[in-house]
Amino acid sequence: MIRVGQFNKLKVIKEVAFGVYLDGGNWGEILLPNKVVPQGTRVNDVVDAFIYFDSEDKIIATTLAPRAKVGSFAFLKVVDVNRIGAFLDWGLEKDLLVPRPEQRRPMEKDKSYLVYVKQDNEGRIIASSKIDHFLDQLPAPYKPGEEVNLLIAETTPLGTKAIINDSHWGLIH
């Protein structure tokens, strides 16, 4: 089953002048454009490809690694703002949209924001800066001395807020 917004191992089923097509199962054939096809790739090879939607909302694949995947947090820079929302550079050809209703406060061009990458009700990949909605509210299960991953979020009068293991808020005093 294809996981949109994630890397998937997919079989090459057809070569064309502008790339290769991957077996997307229920999604059908998914284009992997020439500019990101690994050199020497042939029919029946398996490619590790990130699946997302292009600017025309067609499913497409890339071997480039985005700065964030669906279900993760990242600091991303705003490259444009319009009436629909803010567009973030996430390392892929198509910028990542943060719709206005998903913005904690209005975003500004050339500033970076902490966002959570998710799918909207129609399955499109978007981001949200309403971080609290995506963090676990239950007590954290971490034990003293346990190694964790931190994403530094902001500085407050009490210390530095961080997201622990993509699931809980933490505070470094």
Side-chain angles (χ1 to χ4, degrees), residues 1-10 24 27 30 32 36 47-55 57 59-173:
M1 182 174 165
I2 298 295
R3 295 174 306 146
V4 173
Q6 302 290 330
F7 277 92
N8 296 262
K9 293 193 180 305
L10 302 174
W27 288 94
I30 301 174
L32 180 64
V36 292
V47 176
D48 197 19
F50 184 79
I51 306 300
Y52 69 111
F53 297 97
D54 67 12
S55 57
D57 283 337
I59 196 160
I60 194 162
T62 184
T63 53
L64 299 175
R67 292 186 182 94
K69 299 180 281 188
V70 168
S72 68
F73 296 92
F75 270 105
L76 300 175
K77 185 176 182 178
V78 175
V79 293
D80 195 21
V81 177
N82 65 23
R83 62 180 178 74
I84 296 170
F87 293 86
L88 308 175
D89 176 7
W90 67 322
L92 298 181
E93 202 167 297
K94 179 187 175 192
D95 295 326
L96 181 62
L97 172 66
V98 183
R100 287 213 184 268
E102 291 290 341
Q103 295 177 29
R104 192 177 91 188
R105 62 180 180 268
M107 293 182 162
E108 299 175 39
K109 185 176 179 178
D110 295 326
K111 290 192 176 182
S112 295
Y113 296 88
L114 178 62
V115 295
Y116 180 78
V117 181
K118 65 178 197 156
Q119 287 182 273
D120 68 9
N121 294 337
E122 296 177 28
R124 295 174 297 209
I125 302 171
I126 63 168
S128 175
S129 63
K130 296 181 176 181
I131 302 305
D132 291 331
H133 296 186
F134 307 102
L135 292 171
D136 197 335
Q137 302 304 313
L138 298 174
Y142 314 117
K143 298 183 180 14
E146 181 179 344
E147 187 173 312
V148 295
N149 291 314
L150 296 179
L151 176 61
I152 304 300
E154 63 184 305
T155 302
T156 72
L158 292 176
T160 303
K161 284 178 70 173
I163 296 175
I164 306 168
N165 290 348
D166 273 343
S167 65
H168 291 88
W169 275 121
L171 183 65
I172 303 168
H173 295 281

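When a residue number appears, it is its place in the shown sequence, counting from 1.
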Item to check | Derivation and outcome, side-chain contact (heavy atoms from CB on, under 4.5 Å), residues K118 and I126 | outcome: CA-CA 6 Å; K118 65 178 197 156; I126 63 168; 3.7 Å; yes
Item to check | Inter-residue atom distance I51.CD1 - F7.CZ, 0.5 Å rounding | outcome: 9.5 Å
Checklist outcome for this item: Those residues at least two apart in sequence (or on a different chain) that pass salt bridge (charged side-chain N to carboxylate O under 4.0 Å, His left out) with K94 are D57
Next on the checklist: For L96, give me all partners under side-chain contact (heavy atoms from CB on, under 4.5 Å), at least two apart in sequence or on another chain.
Outcome noted: L76, L88, W90, V117, I125, A127
Checklist outcome for this item: Of all heavy-atom pairs linking A74 and L151, the shortest is N-CD2, 4.2 Å
Item to check | pair I30-N8: side-chain heavy atoms closer than 4.5 Å | outcome: no
Item to check | Partner residues of D120 under the salt bridge (charged side-chain N to carboxylate O under 4.0 Å, His left out) criterion, sequence neighbours left out | outcome: R124
Checklist entry - Looking at side-chain heavy atoms only, is the closest gap between F50 and L64 below 4.5 Å? => result no
Checklist entry - Which residue pairs satisfy the side-chain hydrogen bond (donor to acceptor under 3.5 Å, both in side chains) criterion with at least one member in residues 160-173, sequence neighbours excluded? => result D132-W169, Y142-S167, Y142-H168
Checklist outcome for this item: In short, side-chain hydrogen bond (donor to acceptor under 3.5 Å, both in side chains) pairs touching residues 67-76 with sequence neighbours left out are R67-D89
Item to check | Working for side-chain contact (heavy atoms from CB on, under 4.5 Å), residues I163 and L114 | outcome: CA-CA 10 Å; I163 296 175; L114 178 62; 3.8 Å; yes
Checklist entry - Tell me, do W27 and V4 make a side-chain contact under 4.5 Å, heavy atoms counted? => result yes
Checklist outcome for this item: Residue set satisfying side-chain contact (heavy atoms from CB on, under 4.5 Å) with L97, at least two apart, ordered chain then number -> I84, F87, P99
Item to check | Any residue meeting side-chain contact (heavy atoms from CB on, under 4.5 Å) with L150, in chain and number order, not counting sequence neighbours | outcome: V148, A162, I164, I172
Checklist outcome for this item: side-chain hydrogen bond (donor to acceptor under 3.5 Å, both in side chains) filter on S128, not counting sequence neighbours, yields E102
Checklist entry - Between I2 and G24, what is the shortest heavy-atom contact and its length? => result CG1-O, 3.2 Å
Checklist entry - Which atoms form the tightest heavy-atom contact between G159 and L171, and what is the distance? => result C-CD1, 3.8 Å
Checklist entry - Just wondering, do Y113 and V98 contact through their side chains at under 4.5 Å, heavy atoms? => result no
Checklist entry - Under the side-chain contact (heavy atoms from CB on, under 4.5 Å) criterion, do R100 and V81 qualify, and how do the steps go? => result CA-CA 10 Å; R100 287 213 184 268; V81 177; 3.8 Å; yes
Next on the checklist: For Q119, is the CD atom crowded, meaning more than 12 foreign heavy atoms sit under 6.0 Å from it?
Outcome noted: yes
Checklist entry - For residues 134-146, which residue pairs qualify under salt bridge (charged side-chain N to carboxylate O under 4.0 Å, His left out), counting only residues two or more places apart or in two chains? => result none
Checklist entry - Is there side-chain contact between L135 and F73, with heavy atoms separated by less than 4.5 Å? => result yes
Considering only distance and modelled atom types, tabulate donor-acceptor pairs under 3.5 Å from the side chains of residues 104-112, sequence neighbours left out.
unit_1	atom_1	unit_2	atom_2	d
E108	OE1	K111	NZ	3.4

Checklist entry - Does D80 have any side-chain hydrogen bond (donor to acceptor under 3.5 Å, both in side chains) partners at least two apart in sequence or in another chain, and if so, which? => result none
Item to check | With sequence neighbours excluded, residues passing ring pair (Phe, Tyr, Trp, His ring centres under 6.0 Å) with F134 | outcome: Y116
